[in-house]
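Lettering of chains follows the sequences in order, A, B, ..., and the numbering in each one begins at 1. What you see below is based on every heavy atom in this structure, not just the backbone, and it leaves out hydrogens, waters and symmetry mates.
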Protein chains: 2
Amino acid sequence: MQQTDAARTRLRELILDGVYAPGQRLTELEAAAVLAMSRTPVREAFRALVADGLVRSAGRGVSVVELGPQALRHAYQVRGVLEGLTAELAAERQRRGEMAPAELTALERLAADAQEATAAGRLAEAVRHNRRFHGRIATLSANPVAAASLERLWDQIQVSTRRSLAAPERPDQVAAQHRRLLAAIAAGRAEEAHAAAREHVMDTCAAHERDGTEEER
Amino acid sequence: MQQTDAARTRLRELILDGVYAPGQRLTELEAAAVLAMSRTPVREAFRALVADGLVRSAGRGVSVVELGPQALRHAYQVRGVLEGLTAELAAERQRRGEMAPAELTALERLAADAQEATAAGRLAEAVRHNRRFHGRIATLSANPVAAASLERLWDQIQVSTRRSLAAPERPDQVAAQHRRLLAAIAAGRAEEAHAAAREHVMDTCAAHERDGTEEER
DNA sequence: ATTGAATACTTTGCATGCAATGGATACAGT
DNA sequence: ACTGTATCCATTGCATGCAAAGTATTCAAT
């Protein structure tokens with residue numbers, strides 16, 4: 001693999017895993033030392049990460065993004081309509097019989113896995129499964145533009161909500177919303193799928209906002 | 001201005017203006033010669049343009065994006081929900097009285113300008129005014145995430161629909177849809193604004209698809 | 001002690017050199 | 001003539017050097 005891609009991938013992992021916390025600053029020299037390469041590929045990786053919305057150019061060097069409460073809400077609003085679109089398109093494909101039955105059962109399994117991990121308290125795993133579930137719907141929408149946009153948003157949101165991983169006890173609500181979404185897609189009800197997805201996302205946003213408020217007390 | 005930013009801006013203009021046609025390939029050396037700078041800033045500009053979705057990395061060098069009919073439809077679908085969101089948020093702000101009256105009148109003027117330029121056959125000008133109109137709504141939504149995403153999409157769509165600038169005679173329909181959207185925002189009817197914006201975008205998409213089909217005959 | 005300025009240093013932006021990759025071309029063999 | 005191969009060339013990826021910009025530190029003066 002090219003060094004630039006390696007740097008981009010590795011730094012992305014470090015940021016998403018919270019090794020580099022939101023707000024933390026990085027310099028080219030520092031990152032180059034850590035990654036054992038020269039400044040050139042690091043430099044390009046920095047630019048790419050800025051484009052990905054994971055870091056911001058902060059005068060000298062770069063700092064991990066730290067979405068404030070309102071920026072986070074903006075990201076969730078966009079995510080809401082995008083997931084509404086992907087769910088709608090997936091349901092539409094199902095209605096037209098363009099979707100293989102296996103794809104639908106795979107989706108159901110992902111939802112079950114997510115619910116199980118959540119119930120068992122395996123938070124990190126639950127987050128991964130959850131993202132896979134939503135990601136699969138994006139794939140099933142057969143709209144790569146929407147899927148790519150969502151990837152970016154998920155990354156950004158994950159960085160800024162990492163601390164609130166100590167999830168509230170709303171797994172039942174999440175599971176119910178997932179089931180409603182799933183049922184709408186399986187039945188080919190595009191409009192309902194759209195609404196279910198968007199409302200689910202906005203609910204998640206509201207839950208995070210409550211967390212944030214509580215933290216500040 | 002930094003050379004990298006200069007290169008990025010200049011190349012973006014050249015692509016959006018159609019000087020570099022969709023599909024055209026560019027090499028670092030070539031662009032560096034045209035822009036009278038070394039390969040380093042050009043290289044970074046290329047990466048940025050790839051992230052902007054204006055060019056794709058094509059093995060050796062880079063080529064101007066050329067969205068196929070279905071990719072274009074995907075872009076329009078995403079644009080549809082995003083403009084639905086911005087219109088909805090703008091209407092919501094209006095309903096809450098968070099919007100200055102001057103902002104609304106400015107918006108109306110932009111719509112009138114666009115309609116006038118279209119009627120007079122000043123195509124390039126009409127496109128500019130049109131984009132400003134939609135862009136203003138995005139600004140009024142007060143959601144920078146959505147606004148930034150839309151900027152990218154507009155760029156991509158503009159590149160790939162440049163040839164079909166010889167617009168069909170649907171200016172009346174466009175004007176009517178703009179008025180409906182405007183009225184919904186002015187009245188603070190969020191849901192209707194959302195629907196009006198999304199339907200307007202999808203109509204534009206359908207119109208372009210008809211153009212494309214006709215061209216192929 | 002605090003403020004001001006001057007100096008030194010850290011860090012980035014850009015250019016250039018070098019090695020490696022990938023593709024095109026030419027040549028030979030069947 | 002066509003295919004396979006080998007060679008050559010264009011172009012990119014990465015490293016390093018140098019200059020500029022901005023920041024911190026230190027020293028002096030009030």
_Of the options D:dC14, C:dT11, D:dT11, whose atoms approach the side-chain atoms of B:Leu29 most closely?_
D:dT11
_Nucleic acid contacts - residues 37-47 of chain A versus DNA chain C, non-hydrogen atoms under 4.0 Å_ = A:Arg39, A:Arg43
*Please report the shortest heavy-atom distance between A:Ile185 and A:Ala193, naming the atom on each side.*
CG1-CB, 4.1 Å
*Think A:Gln3 has a side-chain N or O under 4.0 angstrom from the OP1 or OP2 of D:dA15?*
yes
_Looking at B:Arg93 and B:Glu98, would you say the former's side chain and the latter's main chain have a donor-acceptor pair under 3.5 Å?_
yes
_Distance in Å, B:Arg109 CZ paired with B:Arg132 CZ, rounded so as to fall on 0.5 Å steps_ = 12.5 Å
*Roughly how far, to the nearest 0.5 Å, is the CG atom of B:Leu67 from the OH atom of B:Tyr76?*
10.0 Å
Polar-atom pairs under 3.5 Å, protein N or O versus N or O of nucleotides 20-23 of chain C: list them with distances, or write none.
| from | atom 1 | to | atom 2 | distance (Å) |
| --- | --- | --- | --- | --- |
| C:dG22 | O4' | B:Arg60 | NH2 | 3.0 |
| C:dG22 | N3 | B:Arg60 | NH2 | 3.4 |

_Length of the line joining B:Arg25:CZ and D:dT12:P, which is rounded to integer Å_ = 10 Å
_Pair A:His178-A:His134, ring-ring contact (aromatic ring centres under 6.0 Å, His included): steps then yes or no_ = CA-CA 10 Å; A:His178 279 185; A:His134 290 271; 5.3 Å; yes
*Ionic contact status for A:Arg12 with A:Asp52, cut-off 4.0 Å*: no
*Look at atom CD of A:Glu103 and say whether more than 12 heavy atoms of other residues, nucleotides or ligands are closer to it than 6.0 Å.*
yes
*Using a cut-off of less than 4.0 Å, is there contact between a side-chain N or O of A:Thr4 and OP1 or OP2 of D:dC14?*
yes
*Taking atom P of C:dT10 as reference, at what distance in whole Å does atom CG of A:Leu26 sit?*
19 Å
*Do side-chain atoms of A:His129 reach the backbone of A:Thr118 as a donor and acceptor pair under 3.5 angstrom?*
no
